[in-house]
Amino acid sequence: MREKYHPLTRKSTEEELSRFLDDMRNKHDEHHDDNVRALSALFYLAGIKTARHSIEITEMSDDEKKALIIAMNHCRAMVSLFPKQLTLPG
C-alpha cells in the first residue's frame, strides 16, 4: 500500500524484483533448471497464469506484482519455519 504514496519505493521495488527475476532466469547459473522450477512455483503461488511466467516485471500488472510480492513473503515466512537440522538420507 505504501507504494501508492512513495514513487521512489515503487521504483526500488521494481528494480529489486527485476534483479531477482534476472538472477532466477540466468541460463549461466549451474542451478538454472531448479531456479526456473522454483520461480514457476512462486508464480503459481501468486496465481499468475503459466503463459505470463516469462514476462518482465515491467509487463506485469500492479495486481500481479502485488500477488508476486505476497507469494515471496509467504515463501520467506515458510522457509523460516523449516527444521534447523536437515540432512539427506543415505
Side-chain angles (χ1 to χ4, degrees):
M1 298 308 261
R2 199 170 49 155
E3 291 181 1
K4 291 186 181 200
Y5 304 106
H6 298 290
L8 293 177
T9 303
R10 180 186 194 109
K11 182 178 181 192
S12 175
T13 297
E14 284 198 10
E15 288 172 353
E16 285 297 309
L17 287 173
S18 181
R19 181 207 50 80
F20 172 73
L21 293 178
D22 288 346
D23 286 348
M24 294 296 285
R25 293 172 174 160
N26 180 358
K27 292 181 181 179
H28 301 292
D29 188 302
E30 65 180 294
H31 302 289
H32 174 260
D33 292 341
D34 290 335
N35 290 346
V36 169
R37 220 176 347 265
L39 190 55
S40 292
L42 193 57
F43 283 136
Y44 177 82
L45 184 61
I48 297 172
K49 301 219 181 283
T50 305
R52 296 186 55 78
H53 286 195
S54 62
I55 65 173
E56 297 299 325
I57 196 69
T58 55
E59 300 172 78
M60 288 184 182
S61 69
D62 286 345
D63 287 341
E64 287 172 325
K65 291 174 196 173
K66 181 179 176 183
L68 181 59
I69 291 167
I70 289 168
M72 292 172 78
N73 284 329
H74 183 118
C75 286
R76 181 180 296 148
M78 181 179 62
V79 167
S80 73
L81 298 174
F82 280 2
K84 301 296 182 228
Q85 298 294 323
L86 291 176
T87 57
L88 294 172

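With sequence neighbours left out, the side-chain hydrogen bond (donor to acceptor under 3.5 Å, both in side chains) criterion links Asp23 to Arg19. Arg52 is linked by a side-chain hydrogen bond (donor to acceptor under 3.5 Å, both in side chains) to Glu64, counting only residues two or more places apart in sequence or in another chain. For Ser54, the side chain to side chain contact (heavy atoms under 4.5 Å, CB included) criterion is met by no residue, not counting sequence neighbours.
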Result block: side-chain N/O donor-acceptor pairs under 3.5 angstrom for residues 75-90, not counting sequence neighbours:
from	atom 1	to	atom 2	distance (Å)
Arg76	NH1	Asn73	OD1	3.3
Ser80	OG	Ala77	O	2.6

Can you give each donor-acceptor pair under 3.5 Å made by side-chain atoms of residues 30-45, sequence neighbours left out, with the distance rounded to 0.1 Å?
from	atom 1	to	atom 2	distance (Å)
Asp34	OD1	Arg37	NH2	2.6
Ser40	OG	Val36	O	3.1

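Distance check: Ile55 CD1 to Lys49 NZ gives 12.5 Å after rounding to the nearest 0.5 Å.
Annotation for Lys65 and Ile57: closest pair CE-O, 3.2 Å, computed over non-hydrogen atoms. Across every non-hydrogen atom of Ala67 and Ala46, the tightest pair is CB-O, 3.3 Å.
Put simply, the side chain of Met72 reaches to within 4.5 Å of the side chain of Leu17, judged on heavy atoms. With a 4.5 Å cut-off on side-chain heavy atoms, Glu56 and Asp22 count as touching.
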